[in-house]
Amino acid sequence: MRKVEIDLFKRLITQYLLLAIALSPLGSGCQRRVEQAEQTVSRATSSDAISSSRGGEASPPPSNIEPSVAPSAEQAGPRGTEVTASQILGNPKYPAMCYGGYRGSDRDDVPSVLEISEDLKILAAMGVKLVRTYNTQQYDHARRLLEAIEQLRGGDPAFEMYVMLGAWIECEGAWSEVVNHEGENLENNTKEINAAIELAKTYPESVKIIAVGNEAMVHWATSYFVRPIVIRKWVDHLQSLKASGQLSPNLWITSSDNFASWGGGDNSYHTDELKRLIDAVDYVSLHTYPFHDTHYNSEFWLDEEDESSTSVIETADAAMQRATDYAVQQFQATADYIEGLGSEKTLHIGETGWATIDGSLYGKRGSGAADEYKSKRFYDGMRSWANDAGVSCFFFEAFDERWKDSGNPDGSENHFGLINLQSQAKYALWDLVDAGAFDGLTRGGTPISKTFGGDKDTLLAGVHEIPRNNESVIRKIAANNKQRNLGEVVEESNYVILDQSMFANPPHQLFDPTEDKTYPSESLKLNVWDGTCGMELSDAEVLVSTGTGAWWGCALEFDSTASGEDLSRFQAGTLHFEIKGDATVSFEIGIQTGRFSDGTQRNFAVEFSPQTPLALNDEWKTHTIQVADLIKESETPIDLSNTTSVLFLKGNGAEQSHRIQLRNVFLTQP
């Protein structure tokens, strides 16, 4: 098409859109709609878009692809036109939901098209019009979902459901003992991306967004995370296919990751590669989970002093408002970082949610977060904020899925759904049940009913109390030597990692120059790696609950992201501790140096194993281990000048809910 023909075509289309806008009730937004219409016409009639052809096989990612410029966000266009991602995202008429239809304890049991159709009808009754998936080819779930949407649309042209298609991305050696975060699983990642391309071409009416990776860059995803350069390579590849016409120019490309991975948290993520990735995507999809931080970063959550005389429900209401504010703060911190780069990319929430059951960290004996009342409060709060802010919010998730933690039925990961596996709508959806939204709909042949038999009094009676500050499970050891900073050489002969004196009142000034002992130079925090096990402090003891995965681990580490403790004077010294427990799998105890996030982390440990002198029993036993005898990772010489975790445990096998207890942990110089 020649330029003069393009210009004429633009003018005709613009006049048509402006006439439609003039006749529609746009009110004060009219001028903005005119500008958006002109932008839409400009994109739709670009020479590349008009002259390009569809089809063709996916080619390997070119090495020097310039990322395309993301179109600006728009509201829904005139009726009868194609609905695009730019019209859907941020539009409260298109509520979003994370969706996995797995009903069994294993993902190999993929739901059928008929079962997914059942779910889609339920989702539509909830008002949902945009769903998110996580894999393209490892399981047949995504294809069956798109086929089900196609069938439902064929039977009812008014049926609306669109898809954010997730392509799983992982590093080289993911889920193995030899994980390389600097490389990628090229075979798997290529298959995932190529399958996403094929599905987007086959179902263009449904697939509106492709997300390259799910929490694929966050450092606590130790089993599989990659660097931003890997994500950007695949984003650039998809953008190049859009530019060449092999994919629709209206298809938006993103990556869905933890808010910190997008720059809203730790400075270690603020890299040039992240900036290039932000430039490459069409928008930023971030995750925020206040639920998990009720345990791991509980300051925002705990019952405040002025709430001590209020009821359980009033205290829960106040805490859930803080939880919603906490999520918004993480969103805003990410937005501020991106704006500070000079980028105008829009942000949406790709995942947030609240579990309703947990038997451990978040349940009655933990943070008290997991119940249906709090889930509803968070769901309503986030939906309200997102609609007012013009932000899409993919709530996690539509239905409970038990494959996530199949060995632990009460594990929170199994209970994030708004509808449980008994086809019961949880409290967040009771109003829809009352309104008859689910009348005539079933899941597995079972009609949708209410949890608790619809008895609100019973539900409210089960709301967990939120721990007060003085009752909470301790997540940090505040005791430290304020006379010294991290990075300075520790001179004293005895370095106390954990003992009763660290929990005396007040706990912040433990330093006595008349004694030749000292304490960590900064607060220590409890860090459970990737949520793989349990870890808490009680009566100056570390309590570890073993995990069910192929490995599990946790650490007492410094809160700082800067330098670690210089314990170089202890390299020829001794590690002392007392231990007992009933764990029967082998595990390591030791010290870590360097940072996992920058590839410098090293583990120095001793291995405990059954049928050896280092085996557990139910009686306290004192161990004295020479630091020089600790197992060296890859035969690395011991160097404690940058000690970042003064105590870590790593399990080498699955074992549910067994315990390991440690106390009186300290280092001595030779």
Side-chain angles (χ1 to χ4, degrees), residues 10 13-46 49 68-99 120 123-124 126-133 146 149-150 152-153 157-165 199-201 203-211 238-239 242 247-254 256 281-285 344-350 383 386-395:
K10 284 183 179 181
I13 295 298
T14 302
Q15 289 171 3
Y16 170 78
L17 289 176
L18 294 180
L19 177 61
I21 290 168
L23 295 175
S24 64
L26 294 177
S28 61
C30 183
Q31 180 58 41
R32 172 165 170 73
R33 290 296 182 89
V34 169
E35 294 169 355
Q36 291 173 343
E38 291 172 341
Q39 293 167 0
T40 301
V41 172
S42 177
R43 288 196 301 271
T45 56
S46 67
S68 64
V69 178
S72 60
E74 303 169 8
Q75 297 300 311
R79 293 182 65 182
T81 62
E82 177 191 359
V83 179
T84 64
S86 65
Q87 296 165 338
I88 293 172
L89 291 171
N91 188 339
K93 294 181 180 179
Y94 293 88
M97 187 72 66
C98 299
Y99 172 65
L120 289 171
L123 285 164
M126 294 164 54
V128 173
K129 294 186 179 180
L130 176 63
V131 294
R132 180 188 166 194
T133 66
L146 290 164
I149 293 173
E150 193 90 343
L152 290 170
R153 188 182 292 122
F159 181 81
E160 275 194 292
M161 192 66 70
Y162 306 103
V163 176
M164 175 180 177
L165 191 63
L199 291 171
K201 289 179 179 180
Y203 300 98
E205 289 186 56
S206 299
V207 179
K208 301 301 176 184
I209 306 162
I210 295 177
L238 293 171
Q239 297 288 23
K242 286 167 57 178
L247 287 173
S248 169
N250 292 323
L251 179 69
W252 273 20
I253 311 301
T254 188
S256 204
V281 296
D282 290 319
Y283 78 97
V284 168
S285 173
E344 296 182 355
K345 293 296 168 68
T346 55
L347 292 80
H348 298 283
I349 295 178
R383 283 283 189 228
N387 289 343
D388 291 344
V391 171
S392 281
C393 179
F394 287 82
F395 202 81

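Along the sequence shown, residues are numbered consecutively beginning with 1.
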- Query: For Pro92 and Pro95, which heavy atoms make the closest approach, and how far apart are they?
  - Reply: O-CD, 3.7 Å
- Query: Which heavy atom of Lys345 sits nearest a heavy atom of Asp282, and at what distance?
  - Reply: CD-O, 3.8 Å
- Note on the structure: Heavy atoms of Ser285 and Gly350 approach each other most closely as OG-CA, 3.2 Å
- So CG of Asn387 and CG of Asn91: to nearest 0.5 Å the spacing works out to 9.5 Å
- Quick one: pull up CG in Leu89 and CG in Leu347 and give me the separation to the nearest 0.5 Å. 11.5 Å
- Item | Distance in Å, Ile210 CD1 paired with Ser256 OG, rounded so as to fall on 0.5 Å steps | 13.5 Å
- Query: Is any side-chain heavy atom of His348 less than 4.5 Å from a side-chain heavy atom of Thr254?
  - Reply: no
- Item | Short side-chain to backbone donor-acceptor contact, Thr346 and Tyr283, under 3.5 Å | no
- Query: With distance as the sole test, does Ser206 use its side chain to make a donor-acceptor pair with the main-chain N or O of Tyr162 at under 3.5 Å?
  - Reply: no
- Quick one: pull up CZ in Arg383 and CG in Asp388 and give me the separation to the nearest 0.5 Å. 13.0 Å
- Item | Side-chain (Arg132) to main-chain (Ala96) donor-acceptor, under 3.5 angstrom | no
- Query: Would you call Glu160 and Tyr94 a side-chain contact if the rule is heavy atoms closer than 4.5 Å?
  - Reply: yes
- Query: Out of curiosity, Leu238 CG to Leu251 CG, how far, rounded to the nearest 0.5 Å?
  - Reply: 7.5 Å
- Phe394: partners by ring-ring contact (aromatic ring centres under 6.0 Å, His included), with sequence neighbours left out: none
- Query: Of all heavy-atom pairs between Met164 and Ala211, which one has the smallest distance, and what is that distance?
  - Reply: CE-CB, 3.6 Å
- Give me the one residue out of Leu123, Val128, Leu130, Val163 that meets side-chain contact (heavy atoms from CB on, under 4.5 Å) with Tyr99. Leu123
- Task: Look at the side chain of Lys208 and the backbone N and O of Val83, then say whether any donor-acceptor pair between them is shorter than 3.5 Å.
- Result: yes
- Message: Using every non-hydrogen atom in the two residues, find where Met97 and Met126 come nearest and quote the distance to one decimal.
- Response: CE-CE, 3.6 Å
- Item | Gln87 to Glu82 - nearest heavy-atom pair and separation | OE1-O, 3.1 Å
- Going from CD on Gln239 to NZ on Lys242, what distance comes out if it is rounded to the nearest 0.5 angstrom? 4.0 Å
